[in-house]
Number of protein chains: 2
Amino acid sequence: MSVANYRNQLLLGLSKADRRLLAPSLEPVELELRRSIEKPNTPITHVYFPESGIISVVATAAQQQIEVGLIGREGMSGTAVLLGDHRSPSDVYVQLAGTANRISTKHLTQALEASKTLRERLQRYAYVFMVQIAQTAFANGTAKIDARLARWLLMAHDRQDDDELFLTHEFIAVMLGARRPGVTDALNKLEGKGLITAERGVIRIVRRKGLIALAGGAYGVAEAEYARLLE
Amino acid sequence: MSVANYRNQLLLGLSKADRRLLAPSLEPVELELRRSIEKPNTPITHVYFPESGIISVVATAAQQQIEVGLIGREGMSGTAVLLGDHRSPSDVYVQLAGTANRISTKHLTQALEASKTLRERLQRYAYVFMVQIAQTAFANGTAKIDARLARWLLMAHDRQDDDELFLTHEFIAVMLGARRPGVTDALNKLEGKGLITAERGVIRIVRRKGLIALAGGAYGVAEAEYARLLE
DNA sequence: CGGTTTAGGTCCGATACCGCACACTCAGTG
DNA sequence: CACTGAGTGTGCGGTATCGGACCTAAACCG
C-alpha cells in the first residue's frame, strides 16, 4: 500500500519521515466483526490503525461489560504501548467490520524510540483518547439511555463515510451497559423524533444536529480536543 | 525540603538523578479545600504532586458535574502535560485538604525533555490514571450508588493514613453525580452493614473488605495496574 | 419451500433513583 | 444563650430502567 493511500487520519497526519519509519512495519489486515484486538491482561502483540470500521475498548468485571472508548480511522488501538505498558485490563475487539494497518508492538516501540515527533504526535492522540474515556464516564453517570445512545451513534457516524450503521440492538446494549429492550425503546424514540431511521440490522443517521442536541453535553468535548491537537 | 522527606510515591519512586532534576523546581504549597488546580480550557500553570489530601478531576457540562478521577499522594495532577498538551477540558480542584509540591508546567516540560527515565515513569502513571478513569466509566455505567460510594471511599482511604474522612454528603453527591439524599441513604446502608461509621462531617472506614465486596468489580483494577507498573 | 435462527417489539411487576420539599440537629457566633 | 447556618434525615409522587418472559418477523439455509 502506498503511503498516499492511507485513510487513517493519525497516519496521514504524520510527517513524511515518520510515515516512512512506520510504513515497512505496517501490515494491512481485515477487521472482521468481533475479532479480538487485545485480551485483558495479556501482552499486546499488535497495534491497529483502522482504515475503516470501529474497534471498541470494553471494561469487563463480574459478568458486566461496558464500552469505555471507541476507535476508528481517526486513531489507533493500544494506547497503553504509547505510555510504556504492553497490556491493558480491557477487552478490545472489532465492533464494526472494516480494515486496518497494524504494526507489531516491538516495531512500534522501536519507532517511538527513534522519532521524537512520532512519539509526541501519537501521545497527543493518547491524551485525546483519555478525554474520550472521561466523557464516557460523564455520560454514564449523568445521561439517560437515549442521550447515551445518541452520543454513541454520533461517534460511530464520525468514523465512517456513509450514514448507515450496521448494528444490532443487542450489540449496542452491551456498549451502553443497558438491556436490549431498553435500546429498542430508545431507538424507537429517536426514530419518532426523525433523527434516525432503523431497519433490521441497520440504523441510518438522518439529523445529526438533533442527535447532538439530545446528547446534551456528553458529545463534543473529545471531538473538539481532537481537532485542536491533531488537525 | 530534603529529598528524603517526600511522601508522594511518584516522586519517591524516581531515581536519585531524576529527583535531583525536579527538586529545585518543586515548591511546597497548601492544598486548601476547594482550591482550583486547573480550570477547563485554560493553560495549566503548575502540576501538583500531593503529599496528602485529594484532588478531584471533574467533568462539567450543561450544569452537570461528575468526578472522573481522583489524585492523592500516589500520583500527580496535570497528566495532559505529560502527553504534550497544556490544558484540559476538566475542572480540577482540591476535594480533601492537604499539602503538595508543585512544579511549573515549563520546568516540568524541560525536565521531561532532559530525562527519558523521568518521562517514562510519569507516563506510566498517566496510563494508570487512564485506567482509573475507565473504571469510573465502568462504575458509573453499571453500579448502583452504594457500590459507587464504596468504591469512592476506598479510593479516598487508600490515599491517606488514618481511617477518618472529613467530607459532607453534599460533596460526595457531586463526586458521584447523585442527589445528596441518595448519598445519605447509601451511607446509612453501609453503616447498617457495619462497614463504616458516620457522624456529622466525618466518615470512618471500619471494614475495608466489606466495602471491596460491595463495590463489586468497580474497585481494584486501577490499583492493581498501579502496583504492577509503579511499585 | 419449510424450518430454523436471529433480530426486534412488547408486556409485566419490581426497584433504584430522581426532584422537591421540609424538618431536625449539631456547631459555632454574637 | 438564643440565633443562625450548615449538615443530615425523611417523606412523597414520578419515572427510567431493570429482569424476565414471550411473541412476531425477517433472514438464512438446506
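Given the structure is predicted, the values throughout are model-derived calculations rather than measurements. Chain A is the first sequence line, chain B the second, and so forth, proteins listed ahead of strands; every chain is numbered from 1. What's counted below: heavy atoms across the whole structure, side chains too, no hydrogens, waters or symmetry copies.
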Could you tell me whether [X] contacts a base, only the sugar-phosphate backbone, or nothing, with contacts defined as non-hydrogen atoms closer than 4.0 Å?
{"X": "A:Ala198", "answer": "nothing"}
{"X": "A:Gly182", "answer": "nothing"}
{"X": "B:Ile145", "answer": "sugar-phosphate"}

Inset, instruction - Check whether any side-chain heavy atom of A:Arg159 lies under 4.5 Å from a side-chain heavy atom of A:Leu70, and answer yes or no. - result: yes
Could you please name the option among [options] that lies closest to any side-chain atom of [X]?
{"X": "A:Thr184", "options": "D:dG5, D:dC18, C:dG8", "answer": "C:dG8"}
{"X": "A:Asp185", "options": "D:dG5, C:dT10, C:dT6", "answer": "C:dT10"}
{"X": "B:His169", "options": "C:dT10, D:dG9, D:dG7", "answer": "D:dG9"}
{"X": "B:Arg200", "options": "C:dA7, D:dG9, C:dC26", "answer": "C:dC26"}
{"X": "A:Asn188", "options": "C:dG8, D:dT8, C:dT10", "answer": "C:dT10"}
{"X": "B:Pro181", "options": "D:dA21, D:dT10, C:dT25", "answer": "D:dT10"}
{"X": "B:Arg179", "options": "D:dT8, C:dG19, D:dC18", "answer": "C:dG19"}

How long is the line joining [atom1] of [X] and [atom2] of [N], in whole Å?
{"X": "A:Leu149", "N": "D:dA16", "atom1": "CG", "atom2": "P", "answer": "15 Å"}
{"X": "B:Glu199", "N": "C:dC24", "atom1": "CD", "atom2": "P", "answer": "22 Å"}
{"X": "B:Lys144", "N": "C:dT15", "atom1": "NZ", "atom2": "P", "answer": "11 Å"}
{"X": "A:Ile172", "N": "C:dT6", "atom1": "CD1", "atom2": "P", "answer": "19 Å"}
{"X": "B:Glu191", "N": "D:dG9", "atom1": "CD", "atom2": "C1'", "answer": "12 Å"}
{"X": "A:Arg180", "N": "D:dT24", "atom1": "CZ", "atom2": "C1'", "answer": "12 Å"}
{"X": "B:Leu176", "N": "C:dC17", "atom1": "CG", "atom2": "C1'", "answer": "13 Å"}
{"X": "B:Lys189", "N": "C:dT15", "atom1": "NZ", "atom2": "P", "answer": "12 Å"}

Legend entry - Test side-chain contact (heavy atoms from CB on, under 4.5 Å) applied to B:Tyr125 and B:Thr79, step by step: CA-CA 8 Å; B:Tyr125 170 73; B:Thr79 43; 3.9 Å; yes
Legend entry - Distance (rounded to the nearest 0.5 Å) between A:Gln132 CD and B:Met130 CE: 9.0 Å
Legend entry - Step-by-step side-chain contact (heavy atoms from CB on, under 4.5 Å) determination, A:Leu165 to A:Gln160: CA-CA 9 Å; A:Leu165 299 164; A:Gln160 62 167 45; 3.5 Å; yes
Inset, instruction - Decide, yes or no, whether a salt bridge links B:Asp161 with B:Arg73 under the criterion of side-chain N to carboxylate O below 4.0 Å. - result: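 Yes, this pair counts.
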Legend entry - Pairwise 5' ranking along DNA chain C for A:Leu187 and B:Ala143, keeping only the more 5' one: A:Leu187
